[in-house]
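Proteins come first, then strands; the chains are lettered A, B, ... in the order of their sequence lines, and each starts at number 1. Quantities reported herein were computed from a predicted structural model and do not represent experimental measurements.
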Amino acid sequence: MRRNTPAQTRPGAASTRLITGSAGPDPRGRRAALSDLTQAPAQRVVHRVLAWYRRHGRRDLPWRRSDVTPWQVLVSEVMLQQTPVSRVLPVYAVWTARWPTPQSLAAATPADAVRAWGRLGYPRRALWLHQAARAIVDRFGGIVPDEPGVLATLPGIGRYTAAAVAAFAYRRRVAVLDTNVRRVLARFLTGVPHPTGTPRAAEHRSLDALLPKNADRAAQFSVALMELGALICTSRSPGCARCPLTTDCAWHRAGRPAGTRRPRAPYTGSDRQARGALLAALREYPHPVSTADLARAWPDPTQRRRALASLVSDGLVSCAPGGRYQLGPATADAT
DNA sequence: TAGCCGTGGGC
DNA sequence: TGCCCAAGGCT
């Protein structure tokens, strides 16, 4: 298998080095390349990315407007997890109009949240957001926390989302390492086209080293880097000709080698598809649904039972009177 | 850590 | 037409 060519390192080069990918021996015996940024100091990278963003990258997205609240930023970040911007926009508009504060969502039922989630995908996020709203009300007086470590204690808020909320809602100087940023840095610094697995500590260190000292500028840089990955340095068809970092990019220098990626499990016929079909049937009606309706949504009885059981286990579905099923978890006072 | 968890648009 | 992908998180 072909290995990527490290960026050229000149002897006696200066000390500005950023490390990315897996530093040290990796499981397959590869040593990560060290990219010498002498020819492209961190400041120049930051400057180029910010200049590109100001001229070409800036999209008018509702969660980027100056009047957004931390709560709205949090909602947008959860919705954007593994979900394209274009599909988030309409659901975000509905959610933020209906539940503009943590208090308002906390006062709703989990079933309302799941129903309003529609077909965004990964519907457990609706439950998590609802639980997060209640936690924010109960534990933080209705104020969205501004510390990444505290944010990450909320359901559905992991390291990325916590950093994003802290940086974008509170202008905290926090490295925001999402899949776009990982791809940009991996390609630029080490020539790896598709970083895989959980982000490594070395990747966080590389991003920290790049991050401007000024908190506001750091947040701008994070948005710009994410945008660069989303619009130019894309996974499938990168627009290197339009990229402000091409001339110093290790991956570009190496001739853009293909790299390898992990195969993903088939979706058609999977339990995931079955769950989705059952949830779609449950969303279709405002009232509890009969087992016959669910059978029409997913005919295979064994898989239907399994999928339904997992949905109930997740709290996305619960039993209703008359052997029917409804959206949302069983309520504590239902008995 | 790997497997699991939705959905629909684009190529 | 399928395959690939999109601002992850949880167990």
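- Side-chain atoms of A:R124 lie closest to C:dG9 of the nucleotides C:dG9, C:dA7, C:dC5.
- In this structure, A:L225 places its CG atom 12 Å from P of C:dA7, rounding to the nearest Å.
- Taking side-chain N and O atoms only, A:Q81 has no distance below 4.0 Å to OP1 or OP2 of C:dG8.
- Note on A:W63: a base of the nucleic acid sits closer than 4.0 angstrom, heavy atoms only.
- Here A:T83 lies in heavy-atom contact (under 4.0 Å) with a base.
- Inspection of the A:R48 and A:T247 side chains reveals an N or O donor paired with an N or O acceptor under 3.5 Å.
- Note: A:W99 and A:W95 have perpendicular aromatic rings, judged against thresholds of 30 and 60 degrees for the angle between ring planes.
- Among the heavy atoms of the strands lying under 4.0 Å from A:L61 is at least one base atom, whether or not backbone atoms are also near.
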Does the side chain to side chain contact (heavy atoms under 4.5 Å, CB included) test come out yes or no for A:L74 and A:I136, once each step is laid out? CA-CA 12 Å; A:L74 190 155; A:I136 290 167; 4.2 Å; yes
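- Among the atoms of the strands shown, only primed sugar atoms or phosphate atoms (P, OP1, OP2) are found under 4.0 Å from some heavy atom of A:R159.
- A:R187 contributes no side-chain N or O that, together with a main-chain N or O of A:H252, makes up a donor-acceptor pair within less than 3.5 Å.
- In this structure, the separation between CG on A:D178 and OG on A:S222 is 9.0 Å, given to the nearest 0.5 Å.
- Spacing between atom CG of A:L154 and atom P of C:dC10 amounts to 10 Å, rounded to whole angstrom units.
- What separates NE2 of A:H204 from P of C:dG8 is a distance of 13 Å, to the nearest Å.
- Residue-level contact check: A:R261 touches the backbone only, with heavy atoms under 4.0 Å from sugar-phosphate atoms and none from bases.
- Contact annotation: A:T161 does not reach the phosphate of C:dG8 (side-chain N/O to OP1 or OP2, under 4.0 Å).
- If you check every strand for non-hydrogen atoms under 4.0 Å, A:L279 touches nothing.
- Of the C1' atoms belonging to B:dA2 and C:dA7, the separation is 22 Å, rounded to the nearest Å.
- Toward the 5′ end of DNA chain C lies the nearest nucleotide of A:R236, the other residue of the pair A:R236 and A:Y122 mapping further downstream.
- In this entry the distance linking CZ of A:R58 with C1' of C:dA7 reads 18 Å, nearest Å.
- In terms of position along DNA chain C, the nucleotide closest to A:V85 lies nearer the 5' end than the nucleotide closest to the other residue of the pair A:V85 and A:A152.
- At a threshold of 4.0 angstrom between heavy atoms, the contacts of A:G158 are confined to the sugar-phosphate backbone, with no base atom among them.
- When the C1' atom of C:dC10 is taken as reference, atom CG of A:L316 falls 14 Å away, rounded to whole Å.
- Following rounding to the nearest Å, A:R59 (CZ) and C:dA6 (C1') show an atom-to-atom distance of 11 Å.
- For DNA chain B, the span of nucleotides reached by chain A at under 4.0 Å from its heavy atoms goes, 5' to 3', from B:dC5 to B:dG10.
- Residues A:R296 and A:D293 are paired through a salt bridge, judged by an N-O separation under 4.0 Å between the basic side chain and the carboxylate.
- Rounded to an integer number of Å, the gap from A:R87 CZ to C:dG8 C1' is 15 Å.
- A:E147 and A:Y170 share no donor-acceptor pair across their side chains, judged by distance under 3.5 Å alone.
- Here C:dC3 presents its C1' atom at 17 Å from CZ of A:R262, a figure rounded to the nearest Å.
- For the C1' atom pair drawn from B:dG8 and C:dT1, the interatomic distance equals 15 Å after rounding to whole Å.
- No more than 12 heavy-atom neighbours from other residues, nucleotides or ligands sit within 6.0 angstrom of NE2 on A:H47.
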